[in-house]
Amino acid sequence: MIVDFRSDTLTRPTAGMLDMMFSANTGDDVYGEDETVNALEEKLASMFGMEAALFCPSGTMSNQIAIKCFTQPLDEVICDRNSHVYLYEGGGIAFNSGASVRLLSGDRGRLSAEMIEESINPDNIHHPVSRLVVLENTVNRGGGSYYKLEDIEPIYHLCRLKNLRLHLDGARIFNALVETGDDMKKYGHMFDGISVCLSKGLGAPVGSVLLGSIELIKKARRVRKVMGGGMRQAGYLAAAGIYALDNHIGRLKEDHQHARLLAEALNGLPFVRGVLPVDTNIVIAELNPEMSAEHFVDRLNAHGIRCSSFGKGFVRMVTHLDISPLMVEYAIDELHKMKH
Ligand SMILES: *Cc1c(COP(=O)(O)O)cnc(C)c1O
């Protein structure tokens, strides 16, 4: 048995999803004529109560397009030091937008209005212009930590007051929403842009959707084209996204339960120093020096269990659609065996 906890991007389309992809009505989306892409965009926009949406090949692209649309060169983007837009998008903020970045140290990646307020630059030619705040929900490097709506509200008010744009990297927004039960339309109201990934826990093979105003999405469509992200019969991929939204949101709770079970097993091991609180589908464990992360990964790999080392002394396991209860049981058994 191969049990792959390296990432929730590793899922393969289910039979039902493939059926829907095969039977999709498609057209040329660069001409705006792919009805399945249009349906996906309308569906997600209306779920969040936003005006418009744009289907993009990846979450990196939808975030980078949003940052490009919200900033000018000489502007500054405020985000957490562990955020995906800063750490894992290849320096795209500098490359695509010519903007500088102000890094904050949030609570497991979560920023507060106070922190953001302190980081706003005075209007003085020595400083870049504070323009955009990017939040991530859930926070990948925070071990799947999430914001509640009430944590975001003060940030929204601050941004309004200080004329800052507010973007959400919602690659795993539904992992947060199934825990909080928060109202999606309130998210749509507070953020100027939201990117949602279909290819993470939702289990679609490809794609991310940027949500925003008609004006934002008009500009975003232009930026997507220049980045090479205008896709033709993309409806085959969008169909998978629609299927995922209809069938795979509620079940994210199972992934979270699986993650908690894995965390419990890890916590019982003598060479584990601690496990970050498990809020959603990501488990990050810190190991004692006698067990290197590489050795831990290799030992599990020898039993068909894959996970990743996550910086020195840390390992990460992510649960997802292709992890069954039986696989979790098997992995927990193998973890217990490592005690000896
Ligand atoms: C995965 C991810 C993205 C987008 O990644 P792509 O691989 O480009 O689709 C963006 N933000 C976060 C927090 C992610 O985990």
Side-chain angles (χ1 to χ4, degrees), residues 4-13 40 44 53-68 77 79-93 95-97 101 103-104 106 108-111 132-147 152 166-177 179 187 191 193-211 220 223-224 227-229 231 234 237-238 240-241 244 248 252 255-256 259 276 279-284 308 310-311 316-321:
D4 207 332
F5 293 116
R6 286 173 303 164
S7 171
D8 47 7
T9 56
L10 294 160
T11 55
R12 309 292 296 271
L40 170 68
L44 257 174
L54 185 69
F55 183 47
C56 297
S58 70
T60 298
M61 192 186 284
S62 57
N63 281 332
Q64 290 297 319
I65 289 173
I67 293 167
K68 179 75 185 158
V77 178
C79 62
D80 186 80
R81 65 182 60 256
N82 283 319
S83 60
H84 195 279
V85 292
Y86 174 69
L87 269 190
Y88 297 126
E89 298 187 5
I93 296 178
F95 186 74
N96 296 310
S97 300
V101 182
L103 298 176
L104 305 184
R108 294 170 65 210
R110 289 165 299 191
L111 306 182
L132 171 68
V133 175
V134 178
L135 306 182
E136 191 173 308
N137 199 16
T138 68
V139 188
N140 179 13
R141 273 205 81 97
S145 52
Y146 57 81
Y147 290 87
I152 299 174
L166 184 58
H167 175 69
L168 176 66
D169 176 355
R172 296 189 180 81
I173 185 61
F174 290 110
N175 292 87
L177 289 171
E179 291 298 322
Y187 268 84
F191 287 93
I194 299 180
S195 50
V196 177
C197 279
L198 303 167
S199 61
K200 295 275 164 77
L202 291 183
V206 173
S208 169
V209 180
L210 175 64
L211 312 173
V223 176
R224 184 186 67 174
M227 286 181 169
M231 299 183 286
L237 302 173
H248 294 164
L252 291 171
D255 296 344
H256 301 175
L276 286 187
D279 295 334
T280 53
N281 70 327
I282 300 176
V283 185
I284 296 177
S308 7
F310 204 59
R316 186 183 82 159
M317 296 175 123
V318 185
T319 56
H320 52 77
L321 184 62

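Remember, it's 1-based here, ligands and their atoms both numbered in the order they're listed.
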Distances under 3.5 Å, N/O of ligand 1 against N/O of the protein: list each pair and its distance.
from     : atom 1 : to   : atom 2 : distance (Å)
ligand 1 : 8 (O)  : G59  : N      : 3.4
ligand 1 : 8 (O)  : T60  : N      : 2.9
ligand 1 : 8 (O)  : T60  : OG1    : 2.6
ligand 1 : 9 (O)  : G59  : N      : 2.8
ligand 1 : 11 (N) : H84  : ND1    : 3.4
ligand 1 : 11 (N) : D169 : OD1    : 3.0
ligand 1 : 11 (N) : D169 : OD2    : 2.6
ligand 1 : 15 (O) : R172 : NH1    : 2.9
ligand 1 : 15 (O) : K200 : NZ     : 2.8

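For the atom pair OH (Y88) and CZ (R141), the distance works out to 3.5 Å, reported to the nearest 0.5 Å. If you take OG1 on T11 and NE2 on H248, they are separated by 9.0 Å, rounding to the nearest 0.5 Å.
Minimum interatomic distance between D279 and H256 (heavy atoms only, all atoms of both residues): O-ND1, 4.3 Å.
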From CA spacing to verdict: side-chain contact (heavy atoms from CB on, under 4.5 Å), D169, N137: CA-CA 6 Å; D169 176 355; N137 199 16; over 6 Å; no
Test log, rule side-chain contact (heavy atoms from CB on, under 4.5 Å), inputs D8 and T319: CA-CA 6 Å; D8 47 7; T319 56; over 6 Å; no
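The cationic group of R224 does not satisfy the cation-pi geometry with F55, failing either the under 6.0 Å distance to the six-membered ring centre or the 45° limit from the ring axis.
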